[in-house]
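Have a look at the structure below, then the notes.
As a basis for the values below, the full set of heavy atoms in this structure was taken, side chains included, without hydrogen atoms, waters or symmetry mates. These figures come from a predicted structure and were not determined experimentally. Numbered from 1 within each chain, the chains take letters A, B, ... in sequence-line order.
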Amino acid sequence: MDKTISTVYDPKQVEEKWYKEWEARGYFHAEVKPDDPAFSIVIPPPNVTGQLHMGHALDNTLQDILIRWRRMQGYNTLWMPGSDHAGIATQIKVEENLKNEENITRYDLGREKFIERVWEWKEQYGSRILNQLKRLGASCDWQRERFTMDEGCSKAVREVFVSLYEQGLIYQGSRITNWCVRCHTALSDIEVEHEDQPGKLWHVRYPVVGEDGIYLTVATTRPETILGDTGVAVHPEDERYKHLIGKELLLPIVGRKIPVIADSYVDPAFGTGAVKVTPAHDPNDFEMGVRHDLPHVVVIGMDGNMLPEAGKYEGMDRYACRKVLVADLEEAGYLVKVEEHQHSVGHCQRCHTVVEPLVSKQWFVKMAPLAKPALDVVNDGRVQFVPERFTKTYTNWLENIRDWCISRQIWWGHQIPAWYCDDCGETIVSRTDVTVCPKCGGAVRQDEDVLDTWFSSGLWPFSTMGWPEDTAELRQFYPTSVLVTGYDIIFFWVARMIMLGMAFRQEVPFRHVFIHGLVRDSQGRKMSKSLGNGIDPLEVIEQYGADTLRFMLITGNTPGNDMRFYWERVESSRNFANKIWNASRFVMMNLDGYDAAAPKAPYTLADEWILSRLQQTVRDVTNMLENYELGEAGRLLYEFIWNEFCDWYIELAKARLYNHEAAEARATAQSVLCSVLEAAMRLLHPFMPFITEEIWQCLPHDGATIVLKTWPKADEALLNPAAESQMNLMMDVIKAIRNMRAELNVPPGKKSPALLQVATDELAALFDNNSGYLRTLGAVDNLTIGRLDDAKPEHAMTAVASGVEIYLPIGGLIDVPKETQRLQKELDSLDKEIARVEGKLSNAGFLAKAPNDVVEKEQAKAAEYREKRQSIQERIAYLASLV
RNA sequence: GGGGCAUUAGCUCAGCGGGAGAGCGCUUGAUUCACAUUCAAGAGGUCGCUGGUUCGAAACCAGCAUGCCCCACCA
């Protein structure tokens with residue numbers, strides 16, 4: 001890196017080169033070293049058909065920062081990568097592809113051929129998203145890449161299924177479950193997304209059998225299910241209907257006789273207080289049907305079309321049937337009224353079709369016994385959520401958990417290890433494939449269903465480490481250190497991993513759950529395909545580099561909260577990378593003749609100050625990383641590098657660098673520049689891995705790579721509060737001078753004479769020793785240092801700092817009103833501060849109860865402000881005397 | 001119905017018990033000397049409202065208002 005290199009940082013020339021190098025040299029690979037402290041993360045496996053989106057970019061940036069930081073701290077660090085077979089999502093994708101490319105369905109191919117095609121798809125596209133993660137800089141151990149349907153994970157799945165079955169925690173049953181009529185499969189409760197939609201409440205009157213002209217009116221949002229009614233329920237205490245309980249009604253259109261039953265489920269205040277009961281098509285009605293022994297009449301089929309039981313409506317789509325049936329009811333005089341009614345409608349998470357509750361035979365996991373230990377470990381802190389508030393989300397869900405439907409009527413996934421004997425009716429659940437019935441020797445057939453994708457994801461923290469074998473990986477890396485994921489999959493994934501980890505490892509799968517929010521568009525909308533408002537992280541990387549994207553994603557937001565994507569923020573991060581690049585160029589360009597071993601002059605105030613600031617930054621950044629405050633850590637580094645190192649230290653070091661005569665002083669400046677920049681690059685490396693490696697390699701350094709370099713430790717000996725406060729005073733004075741020069745519109749090239757009048761010998765010495773700072777950064781020449789009680793200059797602008805009056809004499813007469821106004825403004829703000837501080841100090845309660853150091857601090861402030869006020873007042877009085 | 005989050009500068013957000021902050025935008029000035037993807041200076045805020053706790057509240061507590069989100073078997 002030298003002058004000939006562009007002043008604009010080009011990530012393209014850097015990122016690919018270093019990633020290849022890191023991977024080739026195996027820096028990300030973790031060997032088991034039983035004696036070393038371990039730090040491990042399993043990646044939330046992205047869908048194998050997926051493409052990197054902003055959510056992934058954020059999630060994996062957070063993980064990579066933690067992993068790189070701990071790796072530098074010397075932990076034996078494992079980041080386990082892999083992908084998820086994503087049953088329904090993948091199957092839909094491949095089916096769509098078959099439709100588009102060959103105009104065939106999966107049924108045309110048959111199960112075996114179809115699954116082959118999905119595997120082909122997986123081979124072709126499965127590595128795409130993982131390669132995209134590499135572009136982001138993710139330092140995963142790629143030698144350990146896993147897939148939820150690979151041999152090992154599948155073995156774990158089967159072991160867990162059979163074992164839960166043997167414990168009686170997996171059972172099969174005919175129940176009403178959520179059914180997607182498009183995907184043609186059952187869904188678990190959490191795969192149904194409820195949405196409030198405007199609908200109607202139809203009031204329909206049912207004639208009472210044998211009592212002419214007497215009707216019972218029911219209210220329903222789903223009139224088409226009338227065809228499946230087998231009862232009408234009222235509340236047992238409802239005076240309006242008590243006399244009808246036990247009587248029969250004539251179901252309109254259908255003509256079936258159905259009973260009036262009493263059930264306390266009914267809310268007399270809602271609708272008419274009478275509920276039609278359709279046990280085959282509504283979960284509540286199903287329960288009532290059980291309680292009152294009502295028959296099931298199934299009128300809606302698995303494809304959402306009406307069945308023969310629906311009579312003349314057979315074959316109609318459920319919504320077409322609704323329309324026709326309502327018209328028929330109206331015509332026949334059964335429709336009493338129609339009200340607008342907002343209600344919640346369930347949709348399939350994958351295809352957004354309205355879910356139909358239907359009765360079918362499915363496999364379920366009994367959740368209560370699994371939930372108990374999973375609640376315990378969170379309540380007693382063995383698993384901690386960050387931010388903490390998500391524990392509530394988690395526990396609320398687990399406390400009200402219902403059994404989990406795990407069977408799916410699709411083909412892509414882990415086929416359920418259950419076999420049926422048609423001869424004797426035996427069901428065999430087995431760890432090994434079954435060919436003949438062990439009971440009767442008859443032929444068996446395997447259950448055709450596959451398991452919910454989340455069943456295998458739930459095992460991910462241990463299935464990827466070789467379970468059910470007892471492996472060295474499990475012993476070293478399980479439990480993992482932290483899980484990093486979005487709040488949207490706490491139920492789907494986090495809770496299941498904890499339950500299954502406790503059940504099969506008797507140990508938590510991770511100690512911390514670090515939750516982040518969603519990346520939204522600039523208007524705060526969710527990024528989605530249908531809105532077309534998604535921003536491709538790869539496009540950002542292409543244009544601005546991965547470091548920029550990473551830094552943009554982790555700053556300016558707070559853990560667990562959503563964030564918005566702004567190109568302006570990308571540019572701001574890009575500017576930061578460029579700033580670092582140019583500061584580093586500057587340092588390199590001034591290293592000629594540098595010899596670390598050569599004799600050096602003692603540190604200057606600026607050296608002591610920046611070294612002290614570095615130690616404090618090391619301390620703060622490390623603390624923040626420990627508390628998962630990644631954004632704050634990033635912000636701190638931004639401020640240190642830009643506002644302190646670049647804006648002040650580099651400028652202050654220039655005088656020595658450019659003076660080749662004073663070799664020892666020059667060497668000191670060079671050495672501080674190098675060491676501070678080198679340490680800053682290490683601190684920043686987890687956040688911006690590429691640019692920091694590139695720069696680090698160009699600086700004098702030990703070791704092969706920054707990736708494995710040790711994380712900086714704060715050197716207490718270099719913490720220097722005195723130097724910091726002296727330097728702060730220098731900076732205050734310089735800023736005051738710049739301010740006055742700006743007011744006067746003095747061109748930068750023109751120097752100003754300045755007079756400082758100070759309170760003490762120490763201050764006089766401080767400014768005398770460091771007058772060069774004022775000359776270079778304050779554009780001062782002819783600096784005079786006097787004492788506060790010296791005569792004041794006449795034609796001069798004035799400012800005050802702590803213990804210092806600053807005068808900028810100007811050639812001609814000063815603009816008295818303008819200068820008075822400027823000082824008055826300063827005086828006003830001082831008065832405000834003084835009023836506040838004095839208010840405190842005159843408060844007996846404050847003096848008695850506030851900690852001593854706080855009181856002392858306030859007293860010191862009061863003294864400083866009063867002194868400043870006096871200086872300004874005197875100056876204003878003097879200006880007034882001129883008129 | 002239950003729960004959560006948000007409300008701070010024009011915009012997007014940090015801060016979360018002791019002197020109101022950043023980025024972007026805005027105003028003014030600056031280009032041989034690391035960087036105009038830059039530098040310097042500046043304007044801009046009774047920290048949603050009402051109570052309470054405290055010597056002290058933007059921050060803690062309660063209530064309210066507005067917006068967003070999650071959960072729940074609202075026929």
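Taking atom CZ of residue A/Arg520 and atom P of nucleotide B/rC13, one finds them 10 Å apart after rounding to whole Å. Between the OH atom of A/Tyr638 and the P atom of B/rA22 there is a distance of 11 Å, given to the nearest Å. With rounding to whole Å, A/Glu388 atom CD is found 11 Å from B/rC5 atom P. A/Leu518 has its CG atom 9 Å from the P atom of B/rC70, to the nearest Å. In this structure, the CD atom of A/Glu568 is 13 Å from the P atom of B/rC13, given to the nearest Å. To the nearest angstrom, P of B/rC33 lies 13 Å from CG of A/Asn590. If you take CG of A/Asn643 and P of B/rA41, they are 11 Å apart, rounded to a whole angstrom. In this structure, A/Leu637 atom CG and B/rA14 atom P are separated by 19 Å, rounded to whole Å.
Note on A/Arg822: nothing from the nucleic acid sits closer than 4.0 angstrom, heavy atoms only. Using a 4.0 Å heavy-atom cutoff across all strands shown, A/Lys735 reaches sugar-phosphate atoms only and no base atom. When heavy atoms are screened at a 4.0 angstrom cut-off, A/Asp196 is found touching base atoms of the nucleic acid. Here A/Phe270 lies in heavy-atom contact (under 4.0 Å) with a base. No engagement by A/Arg569 is indicated, since no non-hydrogen atom pair under 4.0 Å with the nucleic acid exists. Using a 4.0 Å heavy-atom cutoff across all strands shown, A/Glu743 reaches no nucleic acid atom at all. No engagement by A/Thr555 is indicated, since no non-hydrogen atom pair under 4.0 Å with the nucleic acid exists. Residue-level contact check: A/Gly556 touches the backbone only, with heavy atoms under 4.0 Å from sugar-phosphate atoms and none from bases.
If you check B/rA34, B/rG4, B/rU38 against the side chain of A/Asn575, the one that comes closest is B/rU38. Distances were taken from every side-chain heavy atom of A/Arg738 (C-beta onward) to each of B/rA40, B/rG4, B/rA34; the shortest belongs to B/rA40. The side chain of A/Arg585 approaches B/rC35 more closely than any other nucleotide in the set B/rU37, B/rC35, B/rA14.
Spacing between B/rA30 and B/rC49 at atom C1', rounded to whole Å, works out to 46 Å. The separation of B/rC60 from B/rA14, taken at their P atoms, amounts to 14 Å, rounded to a whole angstrom.
Close to B/rA43, at under 4.0 Å from its OP1 or OP2, lies a side-chain N or O of A/Lys825.
Smallest separation of non-hydrogen atoms from A/Ser752 and A/Val746: OG-CG1, 4.3 Å.
Of the two residues near RNA chain B, A/Asn739 and A/Glu639, the one whose nearest nucleotide lies more 5' is A/Glu639.
The line from CD1 of A/Ile300 to CD of A/Glu356 is 4.0 Å long, rounded to the nearest 0.5 Å.
With hydrogens and angles left out, the side chain of A/Glu632 and the base of B/rA22 share no donor-acceptor pair within 3.5 Å. Evaluation of atom-type donor-acceptor distances gives no pair under 3.5 Å for the side chain of A/Arg564 against the base of B/rU12.
In this model, no donor atom of one side chain and acceptor atom of the other lie less than 3.5 Å apart for A/Asn582 and A/Tyr9.
Remark: A/Arg520 is not positioned above the aromatic ring of A/Phe565, lacking an NZ or CZ atom under 6.0 angstrom from the ring centre and at most 45 degrees off the axis.
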